[in-house]
Amino acid sequence: MYQEAFNLARVLVEKLANIPPSSRLLVGISGIPASGKSTFAALLTTNTNNLLISAGCSDPVALLIGLDGWHLSRAQLDQFPDPKLAHDRRGSHWTFDALGYVSFIRSLREPLTPHALVLTAPSFDHALKDPTYNDIIIHTNHRIIIIEGLYTLLSIPPWNEAGQFLDERWYLDVAIDECRQRLIKRHVATGVAKDVEEATWRAEENDIPNGRFVIANMLEPTRYIQSIEDPLLSEP
């Protein structure tokens, strides 16, 4: 996937050269849990910026934004009719601020002019386990926006509106059984689960159902990317 990220960075640079200077290139990257989308998206962003800087750009052009910033906060989940279920299923599409995300993607479609507003996006603080609002600054020089997350290509309202705004919809393709093994290892290694038994429960009760939901309710990707375990990369 390291080489694929470099090759596709060149694709983005070429696509940028063919759109008006008043427009942004919006790229959504999706995949089921543990498909490697976070690592791939970060590498793609770095390679794209390196290529553009070597071509003479003085400022970063590509910016990576994670969908995790639109998680509902834990306090918001406490207000659900069934707070325990909301917390247990955190990460499902209904535990996100979908309308806020759609509004943000729509704002990226506004023409870039000398008077264009600086935009902001939330990030996700894994230590606090909650979003940090207005944490990411999007300047007018950021003309390639790469959005990474489970639901960036979702076909159900209101998510589908955001997906249709994207110029590129890329999907990291991997077998569910492979992702299940990756998830169990990751949950134990990161301390999300105390042991393999708990990690397996988390994978089976939340991650895998979310992945199956994405597969069944996805806008047609413009590109499929095979997710393979690359010795040059660590799994996100």
Side-chain angles (χ1 to χ4, degrees), residues 28-39 41-42 64-108 120-136 145-166 169 171-172 174 176 179-180 182-184 186-188 190-194 198-219 235-236:
I29 297 179
S30 183
I32 66 176
S35 58
K37 54 190 176 294
S38 298
T39 296
L64 175 60
I65 298 174
L67 183 62
D68 279 354
W70 282 270
H71 269 291
L72 295 177
S73 69
R74 289 177 294 167
Q76 288 173 304
L77 297 180
D78 287 339
Q79 303 305 311
F80 273 57
D82 187 340
K84 182 180 184 304
L85 177 64
H87 282 274
D88 286 346
R89 293 300 311 277
R90 197 183 198 192
S92 298
H93 70 282
W94 48 271
T95 65
F96 281 78
D97 177 14
L99 290 174
Y101 171 69
V102 171
S103 177
F104 169 73
I105 297 298
R106 187 185 299 117
S107 72
L108 293 174
T120 64
S123 65
F124 190 82
D125 189 320
H126 287 276
L128 297 176
K129 300 180 181 178
D130 266 334
T132 301
Y133 301 107
N134 303 312
D135 189 46
I136 302 172
I145 307 296
I146 298 170
I147 308 107
E148 170 272 318
L150 191 57
Y151 304 116
T152 54
L153 310 189
L154 208 56
S155 63
I156 64 171
W159 296 91
N160 58 320
E161 183 180 350
Q164 289 161 354
F165 276 127
L166 301 174
R169 297 190 297 267
Y171 180 76
L172 268 70
V174 62
I176 285 180
C179 281
R180 180 183 290 106
R182 294 182 186 180
L183 283 163
I184 293 169
R186 185 171 76 183
H187 288 337
V188 173
T190 59
V192 169
K194 64 179 182 294
E198 183 181 347
T200 301
W201 180 87
R202 291 184 64 89
E204 294 291 349
E205 295 299 319
N206 199 32
D207 298 310
I208 298 301
N210 290 342
R212 292 188 189 279
F213 181 83
V214 167
I215 292 170
N217 298 276
M218 181 171 58
L219 295 170
E235 185 65 29

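Keep in mind it's a predicted model, so treat the numbers as computed, not measured.
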remark   = To the nearest 0.5 Å, atom CG of Leu108 lies from atom CD1 of Ile65 at 6.0 Å

query = Is there side-chain contact between Leu172 and Ile29, with heavy atoms separated by less than 4.5 Å?
reply = yes

ask   = Between atom CH2 of Trp201 and atom CD1 of Ile184, what is the distance when rounded to the nearest 0.5 Å?
value = 13.5 Å

inquiry  = Can you confirm whether His71 sits close enough to Lys129 that some side-chain heavy atom of one is under 4.5 Å from a side-chain heavy atom of the other?
reply    = no

query = From Ile208 CD1 over to Ile32 CD1, what is the distance, rounded to the nearest 0.5 angstrom?
reply = 6.0 Å

inquiry  = Do Asp125 and Asp135 have side chains that approach each other closer than 4.5 Å (heavy atoms only, starting at C-beta)?
reply    = no

request  = Take atom CZ of Arg106 as the centre, draw a 6.0 Å sphere, and report whether it contains more than 12 heavy atoms from other residues, nucleotides or ligands.
outcome  = yes

request  = Grab the two heavy atoms, one from Ala203 and one from Pro209, that are nearest each other, plus how far apart they are.
outcome  = O-CD, 3.8 Å

key: Mutual orientation of the aromatic rings belonging to Tyr151 and Phe96 [parallel < 30°, tilted 30-60°, perpendicular > 60°]   = perpendicular

inquiry  = Are Asn206 and Asp88 packed together at the side-chain level, in the sense that at least one heavy-atom pair is separated by less than 4.5 angstrom?
reply    = no

Taking every non-hydrogen atom, the tightest pair across Thr95 and Arg89 = CG2-O, 3.8 Å

ask   = Heavy atoms, side chains only, cut-off 4.5 Å: are Glu148 and Leu64 in contact?
value = yes

request  = Please examine the side chains of Ile105 and Ile145, heavy atoms only from C-beta on, and report whether any two atoms are closer than 4.5 Å.
outcome  = no

inquiry  = side chain to side chain donor-acceptor pair (under 3.5 Å), that's the test. Do Asn217 and Ser155 meet it? Break it down for me.
reply    = CA-CA 5 Å; Asn217 298 276; Ser155 63; 4.7 Å; no

inquiry  = Walk me through whether Tyr171 and Leu153 qualify under side-chain contact (heavy atoms from CB on, under 4.5 Å).
reply    = CA-CA 8 Å; Tyr171 180 76; Leu153 310 189; 4.2 Å; yes

key: Distance (rounded to the nearest 0.5 Å) between Lys37 NZ and Ile147 CD1   = 14.5 Å

inquiry  = Could you check whether any side-chain N or O of Ser30 sits under 3.5 Å from a backbone N or O of Leu150, counting only pairs where one atom can act as donor and the other as acceptor?
reply    = yes

query = How long is the gap from OG on Ser123 to CG on Asn134, to the nearest 0.5 Å?
reply = 10.0 Å

message = Show the nearest heavy-atom pair for residues Leu166 and Gly28, with the distance to one decimal.
response = CD1-CA, 3.7 Å

query = Would His187 and Asp207 satisfy side-chain contact (heavy atoms from CB on, under 4.5 Å), going step by step from the backbone distance to the final call?
reply = CA-CA 11 Å; His187 288 337; Asp207 298 310; 2.8 Å; yes

ask   = Would you say the side-chain atoms of Ser107 pair up with the backbone N or O of Phe104, donor to acceptor, closer than 3.5 Å?
value = yes

query = Do Asp97 and Leu99 come within less than 4.5 Å of each other through their side chains, counting heavy atoms only?
reply = yes

inquiry  = Let me confirm one number: the NE2-CG distance from His87 to Asp82, rounded to the nearest 0.5 Å.
reply    = 10.0 Å

ask   = Under 3.5 Å, is there a donor-acceptor pair between the side chain of Thr152 and the main chain of Gly149?
value = yes

inquiry  = Can you give me the closest heavy-atom contact between Pro131 and Ser73, atom names plus distance?
reply    = CD-CA, 4.1 Å

task = Among Phe213, Trp70, Trp159, Tyr101, find the residue that satisfies the ring-ring contact (aromatic ring centres under 6.0 Å, His included) test when tested with His93.
result = Phe213

remark   = In terms of heavy-atom contacts, Arg202 and Ala193 come closest through CD-CB, 4.3 Å

remark   = Closest non-hydrogen contact found for Leu219 with Gln164 is CD1-N, 3.9 Å

key: Pair Arg90 + Asp130, salt bridge at N-O below 4.0 Å   = yes

